[in-house]
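Everything quoted here is computed from the prediction, not taken from an experiment. Counting starts at 1 for both ligands and their atoms, following the listed order.
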Amino acid sequence: MRDAVTSLIRNYDITGRYLDRDALDSLKSYFGSGTARVQAAAVINANAATIVKQAGSRLFDELPELIRPGGNAYTTRRYAACLRDMDYYLRYASYALVAGDMDVLDERVLEGLRETYNSLGVPIGPTVRGIQLMKDIVKEQATAAGIADPAFVDQPFDYMTRELSEQDV
Ligand SMILES: CCC1=C(C)/C(=C/C2=NC(=C\c3[nH]c(/C=C4\NC(=O)[C@H](C)[C@H]4CC)c(C)c3CCC(=O)O)/C(CCC(=O)O)=C2C)NC1=O
């Protein structure tokens, strides 16, 4: 599992280079945004249960067929599995925000996920929608918590969305 610093060092070490101007700029930007990243993780940590619950109810309002007979989140067990998955996405998004690197998502969340979802008939489109709804809620809360420019919060949610949506080759 890598973060912004270890990823950068790794790349430079592979080619035996000192940290050049580009490297220093990206390190500055990582450390410069550090407080905001930690603040965003704190917002997520303090509100995780609410964020998942709100995103879940918005999702099921938009797509009520998911929780009707025949829907993938129908039955208490599958409904709970769905919200648990949302909770995974949120928790790992908070790790990726702090790390400033998406590697943790590849390694711990996305690896093999589409295959699992396909074999269980878990629909990708609505899952992606749930991830985007959580992103919106986290950004609202980050703004309310005084984070001036919460655009960086998008990154892990958009990354998971992109990776999950990718077509099979
Ligand atoms: C930390 C990394 C990690 C992830 C991401 C993960 C996902 C994950 N979600 C699963 C199931 C599931 N996931 C869902 C999710 C949904 N169904 C819907 O209709 C909605 C669109 C969506 C919620 C937004 C459901 C309903 C199941 C149960 C499917 C079944 O057993 O039939 C399963 C199958 C095993 C199980 O039920 O636990 C896995 C492995 N597990 C992990 O360890």
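At a heavy-atom distance under 4.0 Å, no atom of Leu83 approaches ligand 1. By the criterion of a heavy-atom distance under 4.0 Å, the side chain of Met86, and not its backbone, is placed next to ligand 1. Looking at Asp85 against ligand 1, only its side chain comes within 4.0 Å, counting heavy atoms.
If you check which protein heavy atom lies closest to atom 27 (C) of ligand 1, you get Ala81 CB, 3.6 Å. The closest protein non-hydrogen atom to atom 25 (C) of ligand 1 is Asn72 OD1, 3.6 Å. From the protein, the heavy atom lying nearest to atom 41 (N) of ligand 1 is Tyr88 CE1, 3.5 Å. Among all non-hydrogen protein atoms, the one lying nearest atom 32 (O) of ligand 1 is Arg78 CD, 3.2 Å. Nearest protein neighbour of atom 34 (C) of ligand 1, counting heavy atoms only, is Leu120 CD1, 3.3 Å. Scanning the protein heavy atoms around atom 40 (C) of ligand 1, the nearest turns out to be Thr116 CG2, 3.8 Å.
The distance from ligand 1 to the heavy atoms of Thr127 drops below 4.0 Å at these ligand atoms: 21 (C), 22 (C). Atoms of ligand 1 lying under 4.0 Å from at least one heavy atom of Leu66, given by number and element, are 19 (O). Atoms of ligand 1 found under 4.0 Å from any heavy atom of Arg77 (numbered from 1 in listed order, with element): 30 (C), 31 (O), 32 (O). Ligand-side atoms of ligand 1 in range of Tyr92: 1 (C), range being under 4.0 angstrom from any heavy atom. Those atoms of ligand 1 with a heavy atom of Arg108 less than 4.0 angstrom away are 1 (C), 2 (C).
For Glu65, the CD atom is densely surrounded, since the number of other residues' heavy atoms within 6.0 Å is greater than 12. Shown here is Tyr74, whose OH atom has no more than 12 heavy atoms of other residues, nucleotides or ligands within 6.0 Å. For Arg21, the CZ atom is loosely surrounded, since the number of other residues' heavy atoms within 6.0 Å does not exceed 12. Dense packing is recorded around CZ of Arg17, with more than 12 heavy atoms of other residues, nucleotides or ligands lying under 6.0 Å away.
Donor-acceptor pairing under 3.5 Å is recorded for the side chains of Tyr159 and Asp106.
In this structure a side-chain-to-backbone donor-acceptor pair under 3.5 Å is present from Asn72 to Gly121. The closest donor-acceptor contact from the side chain of Thr6 to the backbone of Arg2 lies at 3.5 Å or more, if one exists at all.
Within 4.0 Å of atom 8 (C) of ligand 1, at least one protein heavy atom is present.
Taking the centre of each ring, Phe157 and Tyr89 stay at or above the 6.0 Å mark.
For atom 24 (C) of ligand 1, the nearest non-hydrogen atom from the set Pro123, Gly56, Gly130, Cys82 belongs to Cys82.
The two residues Ala41 and Ser94 come nearest to each other via the heavy atoms CB-O, 4.4 Å.
Following chains of ILVMFWY side-chain contacts shorter than 4.5 Å, one cannot reach Tyr95 starting from Val43, and the two form parts of different hydrophobic clusters.
Residue contacts with ligand 1 do not include Tyr79, since none of its heavy atoms lies under 4.0 Å from the ligand.
Residue-to-ligand polar distances place Arg84 within reach of ligand 1: an N/O pair is separated by less than 3.5 Å.
Between Arg58 and Asp136 there is no salt bridge, since none of the side-chain N atoms of the basic residue sits less than 4.0 Å from a carboxylate O of the acidic one.
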